[in-house]
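A quick write-up on the structure given underneath.
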Amino acid sequence: MERYNFKIVEKKWQEFWDQNQTFKSKIKKDKKKFYCLEMFPYPSGNIHMGHVRNYTIGDVLARYKIMKNFNVLHPMGWDSFGMPAENAAKQNNLDPKSWTEKNISNMKKQLKKLGLSIDWNKEISTCSSDYYKHQQKLFLEFYDKGLVYRKENYVNWDPVDQTVLANEQVIDGKGWRSGAQVERKKLNQWFFNISKFSEDLLRSLDNLELWPNKVKVMQKNWIGKSFGCEINFKIKDNQNINEIKCYTTRPDTLYGMSFLAVSVDHPLSKLYENDVQFLKFKEECSKTGTTEEAIAQADKLGFKTNLNAINPLDETSSVPVYFANFVLMDYGFGAVFGCPAHDQRDLDFALKYNLPVKTVVRPIDKDVNFKVKNKAYTENGILINSQKLDGLKVPDESIPKTIKILEENKFGNKKINFRLKDWGISRQRYWGCPIPIAYDENNQILKIPEKQLPVKLPDGVDLNVQGNPLDHQDKWKNIEIDGKKCVRETDTLDTFVDSSWYFLRFCSSDNSKVPFNDEEIKYWMPVDQYIGGVEHAILHLLYSRFFIKAISYKNNNFNIQEPFDGLFTQGMVCHETYKDQKGNWLHPDEVTSDDGKNYFKKDNLNEKVIVGPIESMSKSKKNTIEPAKIIEQYGADSVRLFILSDSPPEKDVQWSEEGMIASYKFIQKLWVLHKKIKAILNNEIEIKDKKIERTEELNKFTNQIIHKITNNLEKFNYNVIVANFHEIYNYFSKEINNFIKKDALRENYKNILFLFSPIIPHFAQECLSELNINNKIIWPEANKKYLQEDMVEVVIQINGKKRFTIQSNTDSTEKEVYDKVVKEAYFIKNYGAMDIKKTIFVRNRLMNLIIL
RNA sequence: GCCCUCGUGGUGAAAUUGGUAGACACAAAGGACUUAAAAUCCUUGCCGCUUGCGGAGUGCCAGUUCGAGUCUGGCCGAGGGCACCA
């Protein structure tokens with residue numbers, strides 16, 4: 001028998017879909033729409049297994065929805081601006097544009113081989129001026145609405161390369177290329193006013209019912225809404241400074257205050273800018289790192305000033321003022337009061353500098369002599385040692401009451417604070433979207449006028465220069481606006497800006513005049529299902545949400561609340577790691593094993609290979625498998641089947657060669673089965689040992705499996721669907737000789753092939769065409785008649801333990817089951833003489849008999 | 001340090017959401033076919049005794065319940081997030 005030749009079949013159907021424009025999308029008002037979107041890839045050169053997984057998951061869904069008669073939009077594009085292109089270009093002395101374009105064409109070819117149901121007419125690339133010209137318009141629109149501004153901000157500055165570094169480019173405080181000690185430097189940067197929408201972004205998370213809770217929690221924490229108050233602390237006897245403003249969520253612990261701490265970047269630091277000791281301290285602080293984790297773990301350091309702050313609730317007492325490394329300037333007011341007994345950081349600090357620890361909250365079950373020693377008490381309780389506040393319940397009574405007192409005495413105000421900071425969008429790099437701004441001779445900001453748009457990136461730029469290459473493009477930089485000499489902004493936009501609205505662009509990708517057309521947006525948006533890696537849980541998703549809010553702001557034509565109705569975050573693809581005896585990473589192709597336990601180097605069979613942990617595939621660990629090769633070897637359907645089979649899509653999956661081969665073999669087995677069914681249907685073979693007519697059972701099996709697979713599709717249980725496919729194979733190959741009525745076999749098998757279609761589309765389509773079933777493939781609906789069995793197995797428990805099962809008519813009553821049970825030989829033998837105290841009956845499921 | 005998630009056979013995992021734990025596969029062992037191998041198919045799967053049956057059993061310890069992988073509390077372990085890499 002001929003083997004299944006995936007190479008011919010897959011090519012054939014891919015060409016067929018292409019030529020027939022099978023997946024071309026257009027607005028059809030009479031049909032329900034479904035916008036299925038996977039996160040678009042960065043064109044790094046080749047697709048990797050993560051892409052295969054991501055796009056297979058999306059494709060299964062898109063194909064299913066097409067079969068369910070939805071009007072599906074399933075587009076693809078390229079997130080093609082960014083640092084890797086610039087780095088690759090620098091290293092190999094070529095230009096980012098051609099590097100990127102070459103990668104795109106290569107990856108597009110590879111993606112097409114997966115047989116995805118993508119409408120390639122919608123393809124976009126963010127580095128094309130056809131795309132970013134619209135982005136510049138959006139930027140100016142935001143600017144007009146007051147959502148864009150410029151301010152000074154700290155950056156990681158590499159003094160040797162004269163360039164700004166991303167956090168990941170800073171390794172142990174040094175630049176990744178130059179190795180120079182990185183400095184903190186203040187630079188004028190552009191910002192999107194995302195914090196204006198903090199409340200909105202937080203509140204509308206609650207409406208995103210089809211988002212994983214994990215992602216919503218991360219976003220909630222990121223936005224970080226806190227309820228507290230601002231407090232003005234008077235400074236004792238000082239002519240330079242009268243007061244310091246602090247933000248706190250725990251004003252009720254004021255009586256426990258023993259110091260006041262401010263950030264080294266606080267305006268107060270101006271008073272100490274000539275103090276050598278202070279400058280040394282500031283230098284020390286800059287080494288701590290600014291992440292929350294670093295601050296929480298770091299040693300608490302302080303620099304004592306000669307200032308003293310007065311406690312507003314008790315003006316007879318005052319506490320010393322410190323500069324401290326754990327206070328950040330960009331949160332609150334860059335100043336906090338320290339209450340060591342009830343905040344761990346403050347306690348660490350107080351113990352180090354011998355400051356008093358005054359307990360002001362006691363647990364409910366402890367008395368007023370409760371004292372905090374080495375562990376701060378941050379739970380609920382009762383206020384103590386707080387004069388008139390004593391006895392208040394913490395926090396429900398204590399906080400509002402304290403705020404009220406502070407407000408009445410004009411020492412402070414209730415205040416809601418957000419952790420969310422504005423989004424810095426300036427990047428001092430070449431390969432990004434130019435910011436459509438210029439500065440006149442007085443350094444005044446000018447928008448690039450409409451007729452001078454778009455601002456295109458200059459070609460042929462020398463990247464091997466210090467700092468931002470665009471700074472060196474004098475011809476490009478110096479322009480005239482309305483006859484005035486101006487200089488262009490040379491910063492380009494963060495690539496997160498590019499990906500914050502591409503899903504809108506897909507709706508109108510052929511419209512060169514506007515970024516998107518209201519009518520098309522109205523029809524297609526929001527994205528019904530967005531699929532991608534959980535690594536984008538915060539930034540990309542939050543920024544995209546912000547864009548929707550910002551576009552809607554002061555715009556009545558745009559009425560969308562959220563960009564992504566449903567979100568699915570898939571897990572990573574992992575593989576074992578290998579190292580040689582010297583500790584160098586080895587690629588799976590470089591190692592071999594006979595028993596799957598002991599591995600050796602292929603080029604030196606005497607050298608044992610050290611098998612490391614299973615980790616997500618990465619180039620640096622060399623544990624990658626090239627999808628292009630694997631598809632060439634086993635075919636797209638096999639790869640799609642495997643990548644879905646082993647783990648639920650939201651969890652990490654381990655790549656295994658055995659698993660891949662098993663999927664390949666399974667498709668071959670399905671083909672053998674298919675050939676047999678085809679021969680039966682065409683009367684080409686005579687069934688020898690006809691046994692029992694099983695048509696009703698076949699109908700029942702098919703309809704039940706339709707029901708199961710449909711449910712599993714709806715719930716993203718794609719790994720279970722693969723198991724269901726195996727059930728189908730096992731059932732058919734066992735019973736095939738008993739299906740005597742050919743019409744019924746044909747009808748059931750047709751439906752089975754439809755079920756295969758979203759996951760192994762080439763195979764399914766080939767089989768259908770072999771049976772001359774060329775009409776539209778539609779998702780089969782299970783006939784309810786077959787979903788219920790006539791007989792069910794009922795579990796009989798004695799004292800909660802399973803003892804035996806009985807067959808019973810579906811929906812039998814408790815009495816019917818009971819009567820059957822007491823007639824069972826097993827029951828009579830073992831329990832017949834005992835008293836039944838109680839029976840618990842669950843219809844069609846079990847009966848539990850309680851015997852004492 | 002703070003927040004979140006997850007712990008089921010040798011392995012990846014199922015389990016109608018409180019009702020037969022281990023579907024479906026991978027690996028392994030034994031067997032069948034074969035001169036032999038490959039391929040294919042069948043059986044086994046933790047502990048006891050002879051088929052059959054019984055027992056333990058979903059990280060650990062308690063609890064709720066007729067009944068817990070599923071719910072509650074505590075502990076142990078693993079992973080992820082905590083500001084400009086996409």
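Throughout, a chain's letter reflects where its sequence line sits, starting with A, and its residues are numbered from 1. The analysis underlying the following values was restricted to heavy atoms, covering all of them including side chains, and did not include hydrogens, waters or symmetry mates. It should be emphasised that the depicted structure is a prediction, and the values quoted were computed from it without experimental measurement.
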May I ask you to say what [X] touches in the nucleic acid, namely base, sugar-phosphate or nothing, with a heavy-atom cut-off under 4.0 Å?
{"X": "A/P41", "value": "nothing"}
{"X": "A/K665", "value": "sugar-phosphate"}
{"X": "A/D79", "value": "sugar-phosphate"}
{"X": "A/F496", "value": "base"}
{"X": "A/L849", "value": "nothing"}
{"X": "A/R427", "value": "base"}
{"X": "A/D498", "value": "nothing"}

Write down the distance separating the P atoms in B/U11 and B/C60, rounded off to the nearest Å.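 Those two atoms are separated by 15 Å.
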
I'd like to know whether the aromatic ring centres of A/Y731 and A/Y729 sit less than 6.0 Å apart in this structure.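 Not under 6.0 Å, so no.
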
Step through it carefully: locate the ring centre of A/F725, locate the ring centre of A/F666, and say whether they are under 6.0 Å apart.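 No, too far apart.
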
Output one line per pair: protein atom, nucleotide atom from nucleotides 55-58 of chain B, and distance, for all N/O pairs under 3.5 Å.
| unit_1 | atom_1 | unit_2 | atom_2 | d |
| --- | --- | --- | --- | --- |
| B/G55 | OP1 | A/R803 | NH2 | 3.3 |
| B/A56 | OP1 | A/K801 | NZ | 3.4 |

Do A/Q570 and A/I531 come within less than 4.5 Å of each other through their side chains, counting heavy atoms only?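 Yes, at least one pair of side-chain atoms sits under 4.5 Å.
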
Below 4.0 Å: OP1/OP2 of [N] and any side-chain N or O of [X]:
{"X": "A/Y826", "N": "B/G54", "result": "yes"}
{"X": "A/N719", "N": "B/C24", "result": "no"}
{"X": "A/S647", "N": "B/G12", "result": "no"}

Show the distances under 3.5 angstrom between N or O atoms of the protein and N or O atoms of nucleotides 42-50 of chain B.
none

Rounded to whole Å, how long is the line connecting atom [atom1] of [X] with atom [atom2] of [N]?
{"X": "A/N711", "N": "B/U17", "atom1": "CG", "atom2": "C1'", "result": "13 Å"}
{"X": "A/W222", "N": "B/C2", "atom1": "CH2", "atom2": "C1'", "result": "15 Å"}
{"X": "A/N717", "N": "B/U17", "atom1": "CG", "atom2": "C1'", "result": "12 Å"}
{"X": "A/N46", "N": "B/A86", "atom1": "CG", "atom2": "C1'", "result": "17 Å"}
{"X": "A/N730", "N": "B/A25", "atom1": "CG", "atom2": "P", "result": "5 Å"}

Sequence neighbours left out, what passes side-chain contact (heavy atoms from CB on, under 4.5 Å) with A/S616? Give chain and number order.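 With sequence neighbours excluded, A/S616 shows a side-chain contact (heavy atoms from CB on, under 4.5 Å) to A/M572, A/C574, given in chain and number order.
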
Options [options], nucleotide nearest the side-chain atoms of [X]:
{"X": "A/H536", "options": "B/C3, B/C41, B/A86", "answer": "B/A86"}
{"X": "A/M218", "options": "B/C85, B/G81, B/C26", "answer": "B/G81"}
{"X": "A/T805", "options": "B/C24, B/G54, B/U20", "answer": "B/U20"}
{"X": "A/E658", "options": "B/A27, B/G19, B/C24", "answer": "B/A27"}
{"X": "A/K651", "options": "B/C26, B/A13, B/A14", "answer": "B/A13"}
{"X": "A/R419", "options": "B/A86, B/C82, B/U20", "answer": "B/C82"}
{"X": "A/R845", "options": "B/C3, B/G19, B/A14", "answer": "B/G19"}
{"X": "A/P648", "options": "B/C3, B/A13, B/C85", "answer": "B/A13"}
{"X": "A/T495", "options": "B/A86, B/C4, B/G19", "answer": "B/A86"}

Check nucleotides 63-66 of chain B for protein N or O atoms closer than 3.5 Å to its own N or O atoms and list the pairs.
| unit_1 | atom_1 | unit_2 | atom_2 | d |
| --- | --- | --- | --- | --- |
| B/C66 | O2' | A/N848 | ND2 | 3.4 |
| B/C66 | O2 | A/N848 | ND2 | 2.5 |

Side chain of A/Q654, base of B/U11: donor and acceptor closer than 3.5 Å? no

Does the side chain of A/Q428 pick up a donor-acceptor pair with the side chain of A/D491 at under 3.5 Å?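 On atom types as modelled, these side chains qualify, holding a pair under 3.5 Å.
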
Do A/S195 and A/D422 meet the criterion of a side-chain donor-acceptor pair at a distance under 3.5 Å?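 Yes.
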
Under the side-chain hydrogen bond (donor to acceptor under 3.5 Å, both in side chains) test, residues paired with A/H536 that sit two or more places apart: none

Intra- and inter-strand pairs of RNA chain B in dot-bracket (Watson-Crick or G-U wobble, both distances under 3.5 Å; | for another strand): (((((((..(((......[....))).(((((.......))))).((((..))))...(((((..]....))))))))))))....

